[in-house]
S.K.: 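Please read through the structure below; I'll follow up with questions.
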Amino acid sequence: MNYQKIRAVVENPLLTAYGALSPAVPVFFDNITAAPANSTTEYVRVNVTFGLTNDPTLGSSVDNARGAIVIRCFTKKGDGPARNQTLLTTAVDVLETLNNGTKGTTGTYLKVGSIDGPSFSTTETPPMFMGRIETSYVATVLS
């Protein structure tokens, strides 16, 4: 199983999409760096988790995996939800685009499930407005 290939299929397009926004938004992935402590500027936090990695219903190969993707967008508290919703819409667009891929004979093939959310909350320290979406995925790594 190549977990890094699965992560790359999710993380690379998210990093590109948030980098193309104006202003660009920093993205923090659970396997690289923690989000900045006490940040008061906007950022995105992405978690890619792995669940079943050899489910018989997915086939006999361990190059099949199921898991979840959780994306949290943090924006300045007190400025309204518009910017947060823009960041969440960017994430939804990227996730839906992942479903457009076709399964070939090589590479990594990933399909996401229904997207749950957004849900919104605030944090007190630092004062941020957070929007969250999550989805399940099924991935296959083909050599």
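Atom set for the values below is all heavy atoms of this structure, side chains included, hydrogens, waters and symmetry mates excluded.
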S.K.: CD1/Ile69 to CD1/Ile133 distance, rounded to the nearest 0.5 angstrom?
M.R.: 9.0 Å

S.K.: Applying side chain to side chain contact (heavy atoms under 4.5 Å, CB included), run through Gln4 and Val141 and close with a yes or a no.
M.R.: CA-CA 10 Å; Gln4 287 307 105; Val141 178; over 6 Å; no

S.K.: Please identify each residue that fulfils side chain to side chain contact (heavy atoms under 4.5 Å, CB included) with Asp79, with sequence neighbours left out.
M.R.: Lys76

S.K.: What is the ring orientation for Phe28 with Tyr43, classed by angle as parallel under 30°, tilted 30 to 60°, or perpendicular over 60°?
M.R.: perpendicular

S.K.: Under the ring pair (Phe, Tyr, Trp, His ring centres under 6.0 Å) rule, collect the residues that match up with Tyr18, sequence neighbours excluded.
M.R.: none

S.K.: So does Ala68 get a backbone contact from the side chain of Thr49, meaning a donor-acceptor N/O pair under 3.5 Å?
M.R.: yes

S.K.: What residue pairs, at least two apart or across chains, pass side-chain hydrogen bond (donor to acceptor under 3.5 Å, both in side chains) with a residue in residues 127-139?
M.R.: Arg132-Glu134

S.K.: Would you find a donor on one side and an acceptor on the other, under 3.5 Å apart, between the side chain of Lys111 and the backbone of Asn99?
M.R.: yes

S.K.: Which atom pair, heavy atoms only, marks the closest approach of Cys73 to Asn84?
M.R.: O-ND2, 2.9 Å

S.K.: According to side-chain hydrogen bond (donor to acceptor under 3.5 Å, both in side chains), who are the partners of Asn47, at least two apart in sequence or on a separate chain?
M.R.: Arg72

S.K.: Roughly how far, to the nearest 0.5 Å, is the CD atom of Glu11 from the OG1 atom of Thr16?
M.R.: 11.5 Å

S.K.: Evaluate the side chain to side chain contact (heavy atoms under 4.5 Å, CB included) criterion for residues Val44 and Ile71: first the C-alpha distance (whole Å), next the side-chain angles of each, then the deciding distance (0.1 Å), finally the verdict.
M.R.: CA-CA 7 Å; Val44 174; Ile71 300 171; 3.8 Å; yes

S.K.: Could you give me the CA-CA distance, side-chain angles and deciding distance for Phe120 and Phe129, then say whether ring pair (Phe, Tyr, Trp, His ring centres under 6.0 Å) is met?
M.R.: CA-CA 7 Å; Phe120 299 99; Phe129 183 65; 5.4 Å; yes

S.K.: Search all heavy atoms of Ala24 against all heavy atoms of Gly19 and return the closest pair with its distance.
M.R.: CB-O, 3.5 Å

S.K.: Listed by chain and number, what are the salt bridge (Lys or Arg N to Asp or Glu O under 4.0 Å) partners of Lys77, not counting sequence neighbours?
M.R.: Glu124

S.K.: Walk me through it: do Val70 and Val46 pass the test side chain to side chain contact (heavy atoms under 4.5 Å, CB included)?
M.R.: CA-CA 6 Å; Val70 179; Val46 178; over 6 Å; no

S.K.: Before you tell me yes or no, could you show the steps for Leu110 and Val138 under side chain to side chain contact (heavy atoms under 4.5 Å, CB included), namely the whole-Å CA-CA distance, both residues' side-chain angles and the distance that decides it to 0.1 Å?
M.R.: CA-CA 6 Å; Leu110 186 136; Val138 175; over 6 Å; no

S.K.: Determine the minimum heavy-atom distance between Leu98 and Pro13, stating which atoms define it.
M.R.: CD2-CG, 4.2 Å

S.K.: Give me the one residue out of Asn12, Asp30, Thr108 that meets side-chain hydrogen bond (donor to acceptor under 3.5 Å, both in side chains) with Arg7.
M.R.: Asp30

S.K.: Give the table of side-chain donor-acceptor pairs shorter than 3.5 Å for residues 87-94, with sequence neighbours excluded, one pair per line with atom names and distance.
M.R.:
unit_1 : atom_1 : unit_2 : atom_2 : d
Thr89  : OG1    : Gln85  : O      : 2.8
Thr90  : OG1    : Thr86  : O      : 3.0

S.K.: Can you tell me how far apart CD (Glu42) and CE (Met128) are? Round to the nearest 0.5 Å.
M.R.: 7.5 Å

S.K.: Rounded to the nearest 0.5 Å, how far apart are CG of Leu14 and CZ of Phe29?
M.R.: 6.0 Å

